[in-house]
Amino acid sequence: MAKKPIILGLESSCDETAAAVLQDGENGNTKILSNIISSQFDIHKEFGGVVPELAARSHLEKIDLITKKALNESKIKINDLDAIAVTAGPGLIVCLTVGLNFAKGLASSIGKPLIAVNHLEGHALSPKINSKLEYPYLLLLISGGHTQYLSVEGLGQYKRLGTTIDDALGEAYDKTAKLLGIDFPGGPKIEKFSKKGNRNKFQLPKPIINKGGCNLSFAGLKTAILRITKNIKNEQEKFDLAASFQKTIEEILYEKTKIAFKEYLKKNKEKNFVVAGGVAANKGIRNKLINLSKEKNFKIIFPDINLCSDNAAMIAMVGLEKYKLKQFDKLDFKPNPRWALDDKAKFLKGAGVKF
Ligand code: KG4
Ligand code: ZN
């Protein structure tokens with residue numbers, strides 16, 4: 001039997017240096033032979049956000065070590081790799097450059113193809129590692145920098161149905177956490193806090209809930225939280241605010257996803273729904289969207305919890321799909337810090353819409 005393709009994935013678009021080795025398998029049985037992630041959390045926490053220069057320096061220091069670790073753990077020899085897949089955008093240009101240049105050097109030294117991967121496509125295909133996933137599907141991508149509804153029609157074929165007009169959802173979680181005095185990144189901690197609070201204590205706004213189709217907005221929510229935190233008297237009220245925020249987000253996503261389902265069904269019959277990105281690890285959001293999917297007869301698919309946040313296995317997954325179609329890239333491929341998944345996003349770039 002022919003050897004199943006083996007791909008090395010590399011990720012350095014923001015504050016995680018990651019390398020993973022993936023081997024092809026049929027129908028959601030792709031094997032993760034190794035998946036190493038080194039987070040720069042400790043470097044950036046005192047600044048309350050990612051400092052690009054420090055991030056790039058740390059990627060430079062670690063990328064060869066992390067890659068070696070991934071290869072050792074996978075028990076794969078470097079010459080047995082079939083291709084090197086690497087994130088080439090979107091992200092911080094100084095960080096993307098480190099991973100991309102490293103991947104180019106490695107690919108040319110072992111004489112194997114280079115595959116440039118869009119980080120967002122990595123999230124979009126992340127459930128494919130462990131689940132059977134067929135095109136087309138509706139994708140809700142919720143991460144620290146992106147919040148979008150997309151119709152996924154095939155590899156590299158995306159149509160955007162809606163996006164945030166201001167903050168990304170992960171950003172809204174992180175900013176709320178900061179206002180509550182919680183460390184960056186605050187998303188997972190807000191979820192923990194919310195379990196100890198009263199979800200109905202504070203009434204928070206749901207911006208553009210009845211307009212804008214399945215576009216979303218979270219900036220007004222942040223302003224309301226800022227106002228409330230000024231009058232918070234004790235720890236319990238912090239838990240209550242986190243719980244009320246979590247409930248509001250669940251309700252916003254429930255309503256907006258209902259609209260996105262309708263939009264998606266105008267052009268598609270297959271009722272498949274994928275929720276991916278760092279915020280897709282949130283259990284409250286998962287449960288709310290599972291219930292909606294049951295009501296509307298959609299099949300809902302999530303990545304494994306440990307594949308929601310940034311990782312290189314999802315980059316290798318896209319690499320594998322592209323490898324099978326022989327979609328290779330030249331060694332002069334440029335990093336693209338604003339690489340959008342769909343043409344509409346490029347069109348809207350100047351209009352202040354994040355993609
Ligand atoms: O996909 P990701 O790792 O990085 C980007 O590509 O942006 O997403 C990171 C974001 C952060 O904002 C983090 O706070 C959020 O995902 N996040 C969560 C949870 N886990 C991570 N937000 C809410 N609940 C969680 N359990
Ligand atoms: Zn990401």
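Just so it is clear, the values below take in all heavy atoms, side chains as well, and ignore hydrogens, waters and symmetry mates. Read the numbers this way: they start at 1 and go in the same order the structure lists the ligands and their atoms.
Near His123, with a cut-off below 4.0 Å to any heavy atom, the atoms of ligand 1 are 1 (O), 6 (O). Atoms of ligand 1 found under 4.0 Å from any heavy atom of Gly145 (numbered from 1 in listed order, with element): 7 (O). The distance from ligand 1 to the heavy atoms of Ser143 drops below 4.0 Å at these ligand atoms: 1 (O), 5 (C), 6 (O), 7 (O), 8 (O). For ligand 1 and Ser309, the ligand atoms under 4.0 Å from any heavy atom of the residue are 3 (O).
Taking atom 13 (C) of ligand 1 as the reference point, the nearest protein heavy-atom neighbour is Asp174 OD1, 3.8 Å. Atom 7 (O) of ligand 1 has as its closest protein heavy atom Gly144 N, 2.8 Å. In this structure, atom 3 (O) of ligand 1 lies nearest to the protein heavy atom Asp310 N, 3.0 Å. Counting protein heavy atoms only, atom 22 (N) of ligand 1 is closest to Gly187 CA, 3.4 Å. With hydrogens left out, the protein atom closest to atom 15 (C) of ligand 1 is Val279 CG2, 3.9 Å, a heavy atom. The closest protein non-hydrogen atom to atom 26 (N) of ligand 1 is Glu191 OE1, 2.8 Å.
Between Tyr173 and Phe245, the ring centre distance stays below 6.0 Å. Remark: aromatic rings of Phe261 and Phe273 are close, center separation under 6.0 Å.
Polar contact with ligand 1: present for His119 (N/O pair, distance under 3.5 Å). The N/O atoms of Asn282, backbone and side chain alike, include one that comes under 3.5 Å of an N/O atom in ligand 1.
Grouping the Ile, Leu, Val, Met, Phe, Trp and Tyr side chains by contacts below 4.5 angstrom, directly or via other members, places Phe41 apart from Val279.
There is no side-chain donor-acceptor pair under 3.5 Å between Gln148 and Thr163.
Tyr135 carries Lys128 over the face of its six-membered ring, with the cationic atom under 6.0 Å from the centre and within 45° of the normal. The cationic atom of Arg286 (NZ for Lys, CZ for Arg) lies less than 6.0 Å from the six-membered ring centre of Phe302 and within 45° of the ring axis.
For the side chain to side chain contact (heavy atoms under 4.5 Å, CB included) with Leu120, the lone residue among Leu150, Leu141, Asp342, Leu139 that qualifies is Leu141.
In summary, His119 places an N/O/S atom under 2.8 Å from the Zn ion (ligand 2), meeting the contact criterion.
Closest N/O/S atom of Asp310 to the Zn ion (ligand 2): OD1. Within His123, the N, O or S atom at minimum distance from the Zn ion (ligand 2) carries the name NE2.
Applying the ring pair (Phe, Tyr, Trp, His ring centres under 6.0 Å) rule to His123 yields the partners His119; only residues at least two apart in sequence or on another chain are considered.
His146 does not count as a contact of ligand 1, since none of its heavy atoms falls under 4.0 Å from the ligand.
Residue Lys283 does not touch ligand 1, judged by heavy-atom distances below 4.0 Å.
Around atom 16 (O) of ligand 1, the closest heavy atom drawn from Gly278, Gly277, Gly170, Ser126 belongs to Gly278.
Side-chain contact check for Leu125 versus Leu155: some heavy-atom pair is nearer than 4.5 Å.
Of the possible donor and acceptor atoms, none in the side chain of Tyr323 sits under 3.5 Å from a partner among the backbone N and O of Pro5.
Classification of Asp166 and Lys222 as a salt-bridged pair fails, no side-chain N sitting under 4.0 Å from a carboxylate O.
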